[in-house]
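Inspection log for the structure reproduced underneath, given as structure tokens.
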Number of protein chains: 2
Amino acid sequence: MINDPRSLSPKEFFEKGHNYFLPHISIDCVIFGFHDNQLKVLLLEWKDTHRWCLPGGFVLKGEDINDAADNTLRMRTGLQKIILHQFHTFGDPNRDRGTHGHNTPPHVKGPSWIMERFITIGYWALVEFSKVTPTPDQFSASCQWWEINSIPTLILDHNVIVKKALESLRLQLNDYPVGFNLLPPKFTMPELQSLYETILGETLDRRNFQKKMIALDIITRLNERKQGGAHKAPYLYKFDKKKYQNALKKGISFGI
Amino acid sequence: MINDPRSLSPKEFFEKGHNYFLPHISIDCVIFGFHDNQLKVLLLEWKDTHRWCLPGGFVLKGEDINDAADNTLRMRTGLQKIILHQFHTFGDPNRDRGTHGHNTPPHVKGPSWIMERFITIGYWALVEFSKVTPTPDQFSASCQWWEINSIPTLILDHNVIVKKALESLRLQLNDYPVGFNLLPPKFTMPELQSLYETILGETLDRRNFQKKMIALDIITRLNERKQGGAHKAPYLYKFDKKKYQNALKKGISFGI
DNA sequence: TCTGGTTGTGTTTATTGTACACAATGATAA
DNA sequence: TTATCATTGTGTACAATAAACACAACCAGA
């Protein structure tokens with residue numbers, strides 16, 4: 001019996017990881033946050049090469065792939081019980097040498113299971129920005145939020161994975177009130193609208209947006225206004241889980 | 001150099017398949033057809049146990065997973081250049097012993113790579129029923145169409161995979177005119193409506209449906225009626241790819 | 001030629017989406 | 001203290017879309 005294989009030293013991981021993890025299969029997570037009216041993605045910076053990548057991981061031999069994704073999210077953000085959405089599996093045998101040249105992971109000396117071809121299962125998650133503690137893994141120098149439109153060239157096909165995750169998120173936005181996961185418990189209508197506009201990449205009419213959101217009957221206005229802004233203080237709202245459950249039964253559309 | 005690993009004898013496949021295929025990874029295809037106003041799925045019947053399963057396959061070590069799925073479709077139906085849609089990856093470590101007990105593949109004597117845990121990547125395809133030549137693989141006694149509501153208990157978690165494929169298909173139906181792939185080049189409006197009703201699992205108003213389909217401006221009515229029916233002969237229509245391309249640029253909604 | 005089941009077609013109403021303007025607020029600057 | 005500015009809060013008229021609905025024509029077979 002050994003300890004958690006996810007605590008192996010880099011050397012042990014490269015030399016013996018194949019004893020604990022499924023070969024050829026990895027997990028990548030696109031973790032979305034919302035801050036300063038911008039949609040952000042959590043990225044890791046590799047040691048040595050200082051190239052950026054998505055937080056990811058591997059699947060233990062007896063582990064559910066969803067649990068492996070949960071683990072990645074928890075280790076990088078400190079968050080638990082966040083809904084992860086599996087959106088696509090990437091299986092091009094040349095995804096390790098796309099438009100950006102061949103990618104050799106840092107710290108690898110000699111042959112390793114990690115140098116084999118990998119098929120990666122992509123997940124996205126929506127998290128509350130302020131609750132996240134970005135935490136690098138042992139191969140990374142840093143873990144940081146990047147504004148979605150300013151993401152640098154990433155390793156492998158990770159830029160493609162981010163793009164596909166955003167497309168999937170946009171589609172989901174019409175079927176589920178996913179956006180609410182990105183906001184703090186109390187939020188203003190302009191914040192909510194800004195979130196939708198950022199995800200969809202288009203501007204929306206203020207009054208019609210408000211009407212639509214109120215009509216969904218899944219948020220409640222509080223007798224409280226957001227103080228501290230430079231202008232008229234907007235009302236605060238909260239997402240109402242009970243109302244949401246009721247609305248789901250009736251079959252509502254969240255399309256904007 | 002060897003010949004096509006997909007032509008290995010069963011014995012060689014079980015004993016040496018791991019030399020050619022990625023371990024722990026499989027492909028399953030839910031192949032939809034439409035006939036006699038019914039939505040059908042192509043299934044294989046295992047030799048020996050006579051249990052039914054989805055057509056599937058494995059991924060060659062240097063092969064794109066999409067190509068592996070294409071290969072499965074081609075081998076079972078004889079069809080090429082059909083769009084396959086990857087919809088979900090199933091990674092429960094216990095998917096080989098779900099509600100239906102543990103599943104041992106037929107013909108396996110002694111240990112084999114095939115007895116390990118598998119993560120399977122699910123694809124669906126829409127094919128023209130009349131063009132398909134159902135072709136069993138070497139492990140199967142038969143290959144047949146099953147009406148979607150009469151599918152028997154399948155091996156592993158294959159019933160779950162079919163269910164999820166249908167859900168995915170229903171969602172896609174609102175975004176793309178997928179239904180047309182299921183029909184022959186010339187079809188009648190009642191046939192098209194019946195197809196939509198079958199996929200969606202609900203009845204639709206005849207006049208409103210026709211209006212909607214005509215308004216999409218992607219089908220053309222021919223100066224020809226379908227003969228041979230017992231009643232008033234309905235007009236024939238054809239799907240117009242040029243019009244479809246134009247409509248796509250304008251951004252149309254196919255929702256019913 | 002009569003009958004039964006089916007196809008072809010248009011209008012009315014209800015619902016939903018879109019466009020749009022002005023008064024109130026609160027901080028800041030004059 | 002007052003004026004200014006950017007922002008919030010709110011309702012109505014119009015357009016587009018979706019939903020409900022009925023009758024005449026047709027064809028095969030009795």
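In what follows, chains are A, B, ... by sequence order, proteins preceding strands, each numbered from 1.
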Tell me: [atom1] of [X] to [atom2] of [N], nearest whole Å?
X: A:N37; N: D:dT7; atom1: CG; atom2: P; value: 11 Å
X: B:M189; N: C:dG8; atom1: CE; atom2: P; value: 8 Å
X: A:K211; N: D:dG9; atom1: NZ; atom2: C1'; value: 13 Å
X: A:L222; N: D:dG9; atom1: CG; atom2: C1'; value: 16 Å
X: B:D205; N: C:dA14; atom1: CG; atom2: C1'; value: 15 Å
X: A:F254; N: C:dT16; atom1: CZ; atom2: C1'; value: 17 Å
X: A:Q210; N: D:dT8; atom1: CD; atom2: C1'; value: 9 Å
X: A:N208; N: C:dC20; atom1: CG; atom2: C1'; value: 9 Å

Less than 4.5 Å apart, side chain to side chain, heavy atoms only: is that true for A:H158 and A:I161? yes
Below 4.0 Å: OP1/OP2 of C:dG17 and any side-chain N or O of A:R207: no
Would you please say whether a donor-acceptor pair under 3.5 Å links the side chains of B:N246 and B:K243? no
B:Y123 and B:N66 side chains, donor-acceptor separation under 3.5 Å: yes
Could you check which residues of residues 223-238 of chain B get a heavy atom under 4.0 Å from DNA chain C? Sort them by number, please. B:H231, B:K232, B:P234, B:Y235
Validation row, ring centre A:Y196 to ring centre A:F209 under 6.0 Å: yes
What do you reckon, are the aromatic ring centroids of B:Y176 and B:F254 less than 6.0 Å apart? no
Does B:S140 form a side-chain hydrogen bond (donor to acceptor under 3.5 Å, both in side chains) with B:W46? I'd like the steps, not just the answer. CA-CA 4 Å; B:S140 303; B:W46 267 357; 5.1 Å; no
